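Owing to the predicted nature of the structure, the values given are computational and were not obtained by experimental measurement. Each chain gets a letter, A, B and so on, in the order its sequence line appears, and its residues count up from 1.
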Amino acid sequence: MNIETSLSEQEAIRRQSLDQIRSAGIDPYPAALYPVNASAKNILSQFADENAADWTEICLAGRLMSKRIQGKASFAVLMQDGVRIQLYVNRDEICPGEDKDGYNQLFKKWLDIGDIIGVKGYVFRTMVGEITLHVQELTLLSKCLRPLPIVKTDAEGNVHDAFSDPELRHRMRYVDLIVNPEIRATFIARSRIISAMRSYFDAKGWLEVETPILQSVHGGAAARPFKTHHQALDVPLFLRIANELYLKRLLVAGLEGVYEIGKMFRNEGMDKTHNPEFTSMEIYVAYKDYEWMMAMVEDCLAFITRTVFGTTEVNYAQHKINFEGPFARIPLFDAIHRQTGTDISGMNETELRQQCATWNIPTSPEMGKGKLIDQIFGEKVEKTLIQPTYITDYPIEMTPLAKKHRNKDGLVERFELFICGKEVANAYTELNDPIDQRQRFEEQLALANRGDADAMALDEDFLKSMEFAMPPASGLGIGIDRLVMMMTNQTSIQEVLFFPQMRPEAGK
RNA sequence: GAAUCCUUAGCUCAGUUGGCAGAGCACAACACUUUUAAUGUUGGGGUCCUGGGUUCGAGCCCCAGAGGAUUCACCA
């Protein structure tokens, strides 16, 4: 299709303006550095009538968000780094000579909402009291060829014509961030949460590492992987579902504290708490156990919230969540007992299946004891855990990489952290007995043969590494996206990802 | 993967019983030198998600498909 015929009227008009700008000898996309020396935020927070003399020769750049032309003078709004500042543009000041085209043509006609411009001038306060940049020189820095949605807020704070369609917002996040600058706060908080976490670990002397994303065995978790192919080697590869087995190899290698913050990929359903690629933080510390890890997580999360928000209390939906430890610690079977009044800890697979039937909990034949217990927990307990809560001591069948409990038979030393009814972290006293580890993998294999597509694959090289002796250690995984959701009061994972996965658009 | 709902101008949305496609903002033209959802007057702008079907006639009814939202299932 000819691009000219496919343009909307408004797009065609903007391209005509572009041509006229060029004809007037103005470069709509200039190469030269623009000498910015101020920010809208600083101007608005620091300008005062007493220090007005200090606010001359100000040079700002940003996006033109509105134009209110009133004849020979105009007001406009510039958005710079997410902050709106008003501009005052006077014809005879930006065009002191005879030639008034800079105002009458360029500013009034050829500049559109969405254009990126540079302005030089001085700051003053208008008659109605608004801090405003009085423009003396105006430069087009980048022409915007598509109409920008215009979101307006009236005097009562009502938003008009909000750019609110979730599909458009997520597909065109760049537009979303321009016209809904308040969403920047969530992404800034995300960045700071990760940064605070990193500085907490670094201060302890633990090493940030990177491990393979392309793996020939997708170990370390129970999930369906994405499959890809390496051409030169002509071998199938998987995008990692976890990095646990590689981080443990580094413990074998003698690194005593290692962590990785990175993407995992799971070929499963998407909803408001699941994106096919998500960010996890996994950390392994030698010579520690899961009790130690619980205390570390409490300390770390309190540090993060204090650093980022200045408080350990955050709002989430209707709840006030407190990240100050210690968090409640409840063994898994106790938690189920407490919620249901039934103690399922002694039940075998058949009895568990019957119990599920009594409670109308769906089961399927390939589910083993571990999955049945997990199912019961998910139905009966998970949603009730609002404040940060550790659920501890899981049945061995669910957890092939954790060490057997030091004094509770049939259980492993594992905890999961739940907040707002969602799992946010998972940690073990890590299994480091290579013979036990091999047996656990073999039990997983048996589950896989029963039809459990998620059962964990056996990683021969990982077992070999463990036979070289892995130090006793505790490991932890945190779902960063979910943690960010909890800390920023977002109920959809799409709101904490710049570019959430979307289906390809039809016909494109 | 299943169910339900949604898709109309750049954006947000109306659209009656099936009878010429609508509004606000945005856009264009004119006026206006301290406005702020600027204002006033005038004007232009549509693949009604796509493809079939019913009908004299479909934005509307029927079938199929695409995308989105919600709930459920699986998972973190």
Side-chain angles (χ1 to χ4, degrees), chain A residues 1 6-14 16-17 65-77 84 86-93 103 108-109 112-114 124-130 132 134 144-172 175 179 221-224 241-242 264-280 282 362 364 371 374-375 378 382 416-418 422-426 452-454 477-483 485 492-494 502-508:
Chain A
M1 193 190 295
S6 68
L7 291 177
S8 72
E9 182 193 36
Q10 294 195 40
E11 288 169 326
I13 288 166
R14 283 174 183 240
Q16 284 163 22
S17 298
M65 297 303 286
S66 86
K67 248 189 344 179
R68 298 187 293 277
I69 295 170
Q70 293 167 63
K72 298 178 185 66
S74 300
F75 289 91
V77 171
R84 294 166 162 267
Q86 181 167 265
L87 307 178
Y88 175 72
V89 183
N90 183 302
R91 185 194 71 179
D92 295 327
E93 300 209 38
Y103 183 78
K108 280 173 72 175
K109 299 201 168 158
D112 292 298
I113 289 170
F124 76 115
R125 196 182 290 276
T126 63
M127 278 165 62
V128 273
E130 181 158 349
T132 300
H134 191 124
C144 174
L145 295 180
R146 288 176 183 260
L148 204 61
I150 310 289
V151 182
K152 292 184 173 181
T153 308
D154 66 20
E156 283 84 50
N158 302 312
V159 176
H160 300 264
D161 302 317
F163 181 64
S164 54
D165 180 337
E167 178 173 5
L168 289 176
R169 286 186 50 232
H170 298 145
R171 285 193 197 280
M172 296 197 289
V175 173
V179 304
R224 194 181 315 166
I241 55 173
M264 303 298 154
F265 307 85
R266 297 192 183 174
N267 207 342
E268 288 162 353
M270 300 155 56
D271 59 32
K272 62 184 182 189
T273 55
H274 296 86
N275 197 63
E277 58 182 283
F278 64 99
T279 301
S280 91
E282 293 220 15
S364 55
K371 270 217 158 181
D374 194 37
Q375 196 80 356
E382 192 169 358
E416 292 191 305
L417 174 62
F418 290 87
K422 280 284 169 190
E423 183 193 338
V424 171
N426 181 22
D452 185 347
D454 291 341
I478 294 183
I480 295 292
D481 310 287
R482 285 196 184 167
L483 184 69
M485 287 168 64
S492 165
I493 199 169
Q494 295 181 312
M502 306 286 280
R503 280 177 210 273
E505 282 182 280
K508 295 283 169 72

Any base atoms under 4.0 Å from [X], or only sugar-phosphate, or nothing? Heavy atoms, all strands.
X        : result
A:Ser74  : nothing
A:Asp481 : nothing
A:Gln375 : sugar-phosphate
A:Gly479 : nothing
A:Asn275 : base

To the nearest Å, how far apart are [X] [atom1] and [N] [atom2]?
X        : N      : atom1 : atom2 : answer
A:Arg169 : B:rU12 : CZ    : C1'   : 14 Å
A:Asp165 : B:rA9  : CG    : P     : 11 Å
A:Leu145 : B:rG10 : CG    : P     : 16 Å
A:Met264 : B:rA76 : CE    : P     : 13 Å
A:Leu148 : B:rC11 : CG    : C1'   : 10 Å
A:Met65  : B:rA26 : CE    : P     : 13 Å
A:Leu483 : B:rA76 : CG    : C1'   : 12 Å
A:Phe265 : B:rA76 : CZ    : C1'   : 14 Å

Could you tell me how far [M] sits from [N] if I compare only their [atom1] atoms? Round to whole Å.
N      : M      : atom1 : value
B:rG44 : B:rG10 : C1'   : 14 Å
B:rC25 : B:rC74 : C1'   : 44 Å
B:rU55 : B:rC62 : C1'   : 12 Å
B:rG24 : B:rA14 : C1'   : 11 Å
B:rC60 : B:rC20 : P     : 14 Å
B:rG57 : B:rG52 : P     : 16 Å
B:rG59 : B:rG19 : P     : 10 Å
B:rG43 : B:rA9  : C1'   : 15 Å

* So, is A:Arg224 close to the B:rC74 phosphate, meaning a side-chain N or O under 4.0 Å from OP1 or OP2? -> no
key: Whether A:Tyr88 and A:Phe124 hold their rings parallel, tilted or perpendicular, with breakpoints at 30° and 60°   = perpendicular
Side-chain donor or acceptor of A:Lys67 paired with backbone N/O of A:Lys108 under 3.5 Å
yes
Side chains of [X] and [Y] in contact at under 4.5 Å (non-hydrogen atoms):
X        : Y        : value
A:Arg14  : A:Leu7   : no
A:Pro149 : A:Val175 : yes
A:Asp481 : A:Asn275 : no
A:His160 : A:Ile150 : no

Under a 4.0 Å heavy-atom criterion, the protein footprint on nucleotides 2-8 of chain B, written with B, S and -, is -------
B/S/- along nucleotides 27-39 of chain B (protein heavy atoms under 4.0 Å) is SS-S-BBBBBBB-
By nearest-nucleotide position on RNA chain B, the 5'-leaning member of A:Phe163 and A:Pro166 is A:Phe163
For A:Glu416, the salt bridge (Lys or Arg N to Asp or Glu O under 4.0 Å) test, sequence neighbours excluded, returns A:Arg414
Sorted by chain and number, sequence neighbours left out, salt bridge (Lys or Arg N to Asp or Glu O under 4.0 Å) with A:Arg125 holds for A:Asp49
From the candidates B:rA69, B:rC11, B:rC74, the one with an atom nearest any side-chain atom of A:Gln494 is B:rA69
Regarding the side chain of A:Arg266, the nearest nucleotide among B:rA69, B:rU12, B:rA76 is B:rA76
Indicate the atoms forming the closest heavy-atom contact of [X] with [Y], along with that distance.
X        : Y        : value
A:Arg224 : A:Ile241 : O-CG2, 4.1 Å
A:Ser17  : A:Asp112 : OG-OD2, 4.2 Å
A:Ser74  : A:Tyr103 : OG-OH, 2.6 Å
A:Arg266 : A:Ala242 : NH2-CB, 4.3 Å

To the nearest 0.5 Å, atom NZ of A:Lys422 lies from atom CZ of A:Arg482 at 5.0 Å
With both pairing distances under 3.5 angstrom for Watson-Crick or G-U wobble, and | for a partner in another strand, the correct string for RNA chain B is (((((((..((((.....[..)))).(((((.......))))).....(((((..]....))))))))))))....
Residue set satisfying side-chain hydrogen bond (donor to acceptor under 3.5 Å, both in side chains) with A:Glu93, at least two apart, ordered chain then number -> A:His134
